Amino acid sequence: MKIASWNVNSLNVRLPHLEQWLRDARPDVVGLQETKLEDAKFPDSALAALGYRSVFAGQKTYNGVALLARDRAIEAVQVGIPGFEDEQKRVIAATIDGVRVVNLYVVNGQDVGTDKYAYKLRWLAAVEAWLEHERRAHPDLVVLGDFNIAPDDRDVHDPAVWNESHILTSADERAALQRLLGLGLHDAFRLHHTQGGIFSWWDYRQAGFRRDLGLRIDLTLVSDSLRDRAVASGVDREPRTWDRPSDHAPAWVELRRRD
DNA sequence: ATGGTAGTAAGACTA
């Protein structure tokens with residue numbers, strides 16, 4: 001089962017890219033972020049035409065998440081973090097083929113020390129408390145999404161700029177990510193790749209992609225029980241080369257069948 | 001880089 005995460009930065013603009021990529025990559029499950037669409041405008045019938053069912057939690061202009069599954073039921077859908085009041089649509093979770101899939105659009109945080117940064121850390125603490133429960137309820141757990149945190153220096157093009165006091169790489173953000181991993185989750189990409197310089201996001205500004213000035217902030221985390229089933233993982237750079245692309249590329253993990 | 005580009009939506013906000 002191939003499970004992917006993609007921040008599409010407006011599904012309205014990116015629907016043709018998503019359709020093309022679904023045909024090319026044939027993922028079984030996809031978590032989307034930044035759909036920027038109200039639910040009434042979600043293109044569920046266009047996706048159904050490609051064989052994908054979808055569930056979604058959107059809002060106008062900002063945020064918005066969705067889960068897609070090909071030829072599989074999407075069950076026990078949860079929107080938002082239980083008990084955490086938040087108008088921003090950043091979380092959707094569901095059970096697909098016995099795997100609990102949690103799709104996160106982590107708060108960006110703007111700059112270290114801002115109100116948005118404090119919200120990011122608060123939000124991550126709430127996610128941690130929730131996932132503590134989720135991993136006990138669902139041993140086969142995948143947590144994926146746009147984490148807006150680069151795990152370590154291999155995941156940034158310039159560690160001198162992207163340092164312990166910079167947004168997306170700050171000490172507090174990385175510590176929050178480590179606490180999620182401490183629940184018994186593993187960055188699937190690092191199960192199969194040790195090299196640095198593989199990125200999933202490149203700033204639109206200053207020709208970031210052409211110069212490969214990127215970060216790896218789109219992650220697929222797998223639980224202990226799924227670790228041995230994770231046989232391959234990667235980031236698919238190709239859609240980032242297409243005309244009028246998202247600033248993010250899809251990140252994916254392949255799980256082999258249960259024994 | 002107190003810039004830069006893109007999306008939304010019609011000027012500023014978010015990333």
Side-chain angles (χ1 to χ4, degrees), chain A residues 5-21 31-43 46 56-66 80 86-92 103-124 127 144-151 155-170 172-174 176-177 199-219 235-251:
Chain A
S5 173
W6 194 8
N7 179 324
V8 292
N9 186 20
S10 171
L11 186 51
N12 202 30
V13 172
R14 231 65 68 189
L15 180 60
H17 283 198
L18 177 61
E19 292 173 319
Q20 186 61 48
W21 183 73
L32 301 176
Q33 306 88 34
E34 285 206 88
T35 55
K36 298 186 177 178
L37 281 176
E38 293 172 292
D39 290 348
K41 297 185 176 177
F42 193 89
F56 36 88
Q59 65 186 92
K60 193 185 280 195
T61 311
Y62 301 118
N63 309 309
V65 286
D86 195 351
E87 308 217 324
Q88 302 190 19
K89 301 297 189 193
R90 298 180 171 277
V91 176
I92 191 166
N103 177 23
L104 303 177
Y105 174 43
V106 175
V107 176
N108 174 284
Q110 192 174 48
D111 274 307
V112 173
T114 62
D115 289 349
K116 292 193 178 73
Y117 183 75
Y119 165 53
K120 181 176 196 171
L121 297 181
R122 237 181 14 254
W123 190 93
L124 285 164
V127 166
L144 57 76
D146 175 358
F147 279 71
N148 269 317
I149 303 170
D155 303 311
V156 309
H157 66 90
D158 186 352
V161 171
W162 298 93
N163 61 30
E164 69 285 346
S165 49
H166 200 289
I167 194 68
L168 312 190
T169 53
S170 74
D172 287 340
E173 292 167 87
R174 281 178 165 168
L177 177 59
F199 307 130
S200 67
W201 170 82
W202 300 260
D203 202 308
Y204 285 124
R205 295 164 287 192
Q206 298 171 319
F209 183 67
R210 183 177 59 72
R211 300 158 68 203
D212 202 20
L213 306 180
L215 305 181
R216 190 175 68 89
I217 56 177
D218 299 274
L219 310 178
V235 178
D236 186 355
R237 290 171 57 100
E238 206 205 318
R240 190 62 175 81
T241 70
W242 296 344
D243 187 49
R244 207 178 177 194
S246 169
D247 45 350
H248 295 254

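These figures come from a predicted structure and were not determined experimentally.
- On the C1' atoms, B:dG11 is 16 Å away from B:dA6, given to the nearest whole Å.
- In the displayed structure, A:Lys36 atom NZ is contacted under 6.0 Å by more than 12 heavy atoms of other residues, nucleotides or ligands.
- As a whole-Å value, the separation of A:Asn63 CG from B:dA15 P is 7 Å.
- Between the side chains of A:Asp172 and A:Ser170, not a single donor N or O lies within less than 3.5 Å of an accepting N or O.
- Side-chain polar atoms of A:Tyr119 and A:Asp86 form a donor-acceptor pair below 3.5 angstrom.
- Regarding A:Ile167, its CD1 atom lies at a distance of 17 Å from the C1' atom of B:dA1, rounded to whole Å.
- With rounding to whole Å, A:Asp111 atom CG is found 9 Å from B:dT2 atom P.
- In the model, A:Glu164 has no side-chain atom that pairs as donor or acceptor with a side-chain atom of A:Thr169 under 3.5 Å.
- Mapping A:Val107 and A:Val161 onto DNA chain B by nearest heavy atom places A:Val161 at the nucleotide closer to the 5' end.
- Residue contacts shown for A:Tyr105 are limited to sugar-phosphate atoms, with no base heavy atom under 4.0 Å away.
- Protein atom CH2 of A:Trp162 is 11 Å distant from nucleotide atom P of B:dA1, rounded to whole Å.
- Atom CG of A:Asp115 and atom C1' of B:dA15 are 17 Å apart (whole Å).
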Which letter, B, S or -, goes with each nucleotide of nucleotides 3-13 of chain B from 5' to 3', with contact meaning a protein heavy atom under 4.0 Å?
-BBSSSS---B

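- Rounding to whole angstrom units, CD of residue A:Gln59 and P of B:dT14 are separated by 12 Å.
- Taking the P atoms as reference points, B:dT8 lies 26 Å from B:dG3, given to the whole Å.
- In this model, a donor atom of one side chain and an acceptor atom of the other lie less than 3.5 Å apart for A:Trp162 and A:His157.
- A distance of about 24 Å separates the P atoms of B:dA1 and B:dC13, rounded to the whole Å.
- Remark: A:Arg90 is not in phosphate contact with B:dT14, judged by side-chain N or O atoms under 4.0 Å from OP1 or OP2.
- Using a 4.0 Å cut-off between charged nitrogen and carboxylate oxygen, A:Arg237 and A:Asp212 count as a salt-bridge pair.
- Rounded to the nearest Å, the gap between the P atom of B:dA9 and that of B:dA15 is 15 Å.
- Under the salt bridge (charged side-chain N to carboxylate O under 4.0 Å, His left out) criterion, A:Asp155 pairs with A:Arg190, A:Arg216, sequence neighbours left out.
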